[in-house]
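Have a look at the structure below, then the notes.
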Amino acid sequence: MSAVMMPGGPVADAVFADLGPRIEKLKADGRTPGLATVLIGDDEPSARYVAMKMRKATELGCHSPHVHLPGDVTTSEVIEAVHRLNDDDAVDAMLVQYPGPPHIDFDAVLMAVDPDKDVDGLHPTNVGRLALGLPGPVSCTPAGIEAILTHYGVPVAGRHVVIVGRGVTIGRPLSILLSQKRPTANAAVTVVHTGVPDWADHARRADILVAAAGVPGMIQPEHVRPGAVVVGAGVRYEGRTLLPDVDEACEEVAGWITPRVGGVGPTTIAMLFRNLVEAAERRAGLS
Ligand SMILES: NC(=O)c1ccc[n+]([C@@H]2O[C@H](COP(=O)([O-])OP(=O)(O)OC[C@H]3O[C@@H](n4cnc5c(N)ncnc54)[C@H](OP(=O)(O)O)[C@@H]3O)[C@@H](O)[C@H]2O)c1
């Protein structure tokens, strides 16, 4: 039996369809949403990601001011650039593309971002808001995963979600998000990591298994309960080749699965723009 595919594209399209009129309303009020991007150095994949986000911003009719800093810039100089964007009224949200040069203290840079302009939802204030169930930008990949499950009618409430990985971008925020008391969440969540030698036993008990480790091919068919839902978020790049955590053979065991390409990625981008529009609406007093 082959699993039902859950591509992220249609989910992202639905999010953008919802954002379109909201962006038009902001523009009509003279408050065109502005997403600032900061790129440090010339790392090719980082430059590609930033260019893609700027293209999407333009396509949606948003401003996309860009700051490109040389690779030998200091952490203090990056923080100064962030402070200028914090103070710029035309900027509703920003991202500092990661990874960058190893000498940059990215934690310090993230701390300098105004939490209300933190489009990635990774500032400690926003992680705290998420933990407390307060409104604010939610980390984009976890929000996209919840959107995928909702879009395809996968019940989450009351079910057992096992997340492989406790990283700050996916595993940890997703565990908080899916355990919240809301109709599209409300799950029993288990998080496994390198400190859990029998992680595979936990994985096999999952109704919904989320791979967020960044270890190519880690999730094999024997880790999936027949008929379970499998979401592949973890990936590693070798050059331009994308290597997902979830092995292709899992498609023969799972009931529902995200495709290895075009799964979680498109919804991550869509949620970034949802965070931008929500930030612009908050600043305009519309929400
Ligand atoms: N698809 C997307 O749009 C998207 C967006 C962002 C990130 N990603 C990808 O998602 C992955 C996770 O990112 P992240 O930043 O959340 O996490 P991360 O910081 O890369 O951490 C990886 C997590 O996986 C766990 N892990 C690694 N190897 C393991 C193993 N053999 N057994 C059990 N657990 C293992 C680690 O455990 P320990 O904590 O014990 O070390 C850690 O908690 C990365 O591959 C990243 O590239 C994808």
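Keep in mind it's a predicted model, so treat the numbers as computed, not measured. When reading the values below, keep in mind they use all heavy atoms of this one structure, side chains included, and skip hydrogens, waters and symmetry mates. Both ligands and their constituent atoms are indexed starting at 1 by order of listing.
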Sub-4.0 Å atoms of ligand 1 with respect to non-hydrogen atoms of [X]:
X    : value
V264 : 1 (N)
G234 : 9 (C), 10 (O), 11 (C), 45 (O)
A213 : 22 (C), 24 (O), 26 (N), 27 (C)
R166 : 23 (C), 38 (P), 39 (O), 40 (O), 42 (C), 43 (O)
V215 : 27 (C), 28 (N)

Looking only at protein heavy atoms, which one is nearest to [atom], and how far off is it?
atom                    : value
atom 10 (O) of ligand 1 : I170 CD1, 3.1 Å
atom 14 (P) of ligand 1 : T169 OG1, 2.9 Å
atom 21 (O) of ligand 1 : G167 CA, 3.9 Å
atom 12 (C) of ligand 1 : A212 O, 3.3 Å

Under 4.0 Å, heavy atoms only, figure out whether ligand 1 is touched by the backbone of [X], its side chain, both or neither.
X    : result
T268 : side chain
T141 : side chain
T194 : both
A233 : backbone

State whether [X] and [Y] are salt-bridged, where the test is any N-O pair (Lys NZ or Arg NE/NH1/NH2 against Asp/Glu carboxylate O) under 4.0 Å.
X    : Y    : answer
R274 : E281 : no
R283 : E278 : no
D29  : K25  : yes
D207 : R225 : yes
D87  : R84  : no
E59  : R55  : no

For this session: For the residue pair W199 and H223, categorise the inter-ring angle as parallel (less than 30°), tilted (30 to 60°) or perpendicular (more than 60°).
Result: tilted

Problem set entry | Polar atom proximity, G265 to ligand 1 (N or O, under 3.5 Å) |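 Between G265 and ligand 1 (N or O atoms, distance only) the closest approach is not under 3.5 Å.
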
Exercise. Is there any N or O on V235 that sits under 3.5 Å from an N or O of ligand 1?
Worked result: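 In this structure, V235 places an N or O atom under 3.5 Å from an N or O of ligand 1.
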
For this session: Please list, chain by chain and in numerical order, all residues satisfying ring pair (Phe, Tyr, Trp, His ring centres under 6.0 Å) with W256, sequence neighbours excluded.
Result: none

For this session: Only pairs at least two apart or in different chains count here, so list each side-chain hydrogen bond (donor to acceptor under 3.5 Å, both in side chains) that has a residue in residues 105-117.
Result: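 Every pair satisfying side-chain hydrogen bond (donor to acceptor under 3.5 Å, both in side chains) with a residue in residues 105-117: D116-R129.
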
Problem set entry | Proximal candidate to atom 23 (C) of ligand 1 [heavy atom criterion; set G165, P142, G144] |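 The residue whose heavy atom sits nearest atom 23 (C) of ligand 1 is G165.
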
For this session: Calculate, to the nearest 0.5 Å, the distance between atoms CD1 and CG belonging to I145 and L177 respectively.
Result: 9.0 Å

For this session: Identify whether NZ of Lys or CZ of Arg in K53 sits under 6.0 Å from the centre of the six-membered ring of F273 and within 45° of that ring's axis.
Result: no

Exercise. Looking only at heavy atoms of M218, does any of them come nearer than 4.0 Å to an atom of ligand 1?
Worked result: yes

